[in-house]
Amino acid sequence: MARRPTTRRGATPRPHRYELYEQAVQDPAADIALLERIFRKHSGRPARLLREDFCGTAVMACRWVEKNRENAAWAIDIDPEPLAWGRER
């Protein structure tokens, strides 16, 4: 049987699992720079719409719309838990 994590007095709180996921798996700044470069190379114009499938916390979609006021994003995922966590943040 797996042991439950214990909280020690004075211990720093553990980061949330979605924070860890974002730090370990995602690099929105690098991904967006790559996407913009490739899109402009092939279309000759800047990208303005992003569709992020299996978005989890939707951090990339959020960074996309923060980058330029003309940008829009669709963040799609079937798991409501990470989406709700992302909305709160």
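Heads up: numbering here begins at 1 and tracks the sequence. Only this structure's heavy atoms are used, side chains among them; waters, hydrogens and symmetry mates stay out.
- Applying the side chain to side chain contact (heavy atoms under 4.5 Å, CB included) test between Ile38 and each of Lys41, Glu36, His42 identifies His42 as the sole match.
- Val59 approaches Pro28 most closely through the heavy-atom pair CG1-CG, 4.0 Å.
- Side-chain atoms of Pro46 and Asn71, non-hydrogen and from C-beta on, never get closer than 4.5 Å to each other.
- Using a 4.5 Å heavy-atom threshold, the side chains of Arg63 and Asp31 count as separate.
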Determine whether Arg48 and Asn68 satisfy the following criterion, side-chain contact (heavy atoms from CB on, under 4.5 Å), listing intermediate values before the conclusion. CA-CA 8 Å; Arg48 292 292 174 231; Asn68 189 307; 3.4 Å; yes
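- For the pair Thr57/Glu19, no side-chain contact is recorded, criterion being any heavy-atom separation below 4.5 Å from C-beta on.
- The hydrophobic cluster containing Leu35, built from Ile/Leu/Val/Met/Phe/Trp/Tyr side-chain heavy atoms closer than 4.5 Å, also comprises Ile32, Leu50, Met60, Trp64, Val65.
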side-chain contact (heavy atoms from CB on, under 4.5 Å) evaluation trace for Phe39 with Arg45: CA-CA 7 Å; Phe39 189 88; Arg45 62 185 176 87; 3.7 Å; yes
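- Partners of Arg51 according to the side-chain hydrogen bond (donor to acceptor under 3.5 Å, both in side chains) rule, which considers only residues two or more places apart in sequence or in another chain, are Asp53.
- Of all non-hydrogen atoms in Leu83 and Cys55, the two that sit nearest each other are CD2-SG, 3.5 Å.
- The side-chain hydrogen bond (donor to acceptor under 3.5 Å, both in side chains) analysis of residues 78-89, with sequence neighbours excluded, yields the pairs Arg17-Glu81, Tyr18-Glu81, Glu22-Arg89.
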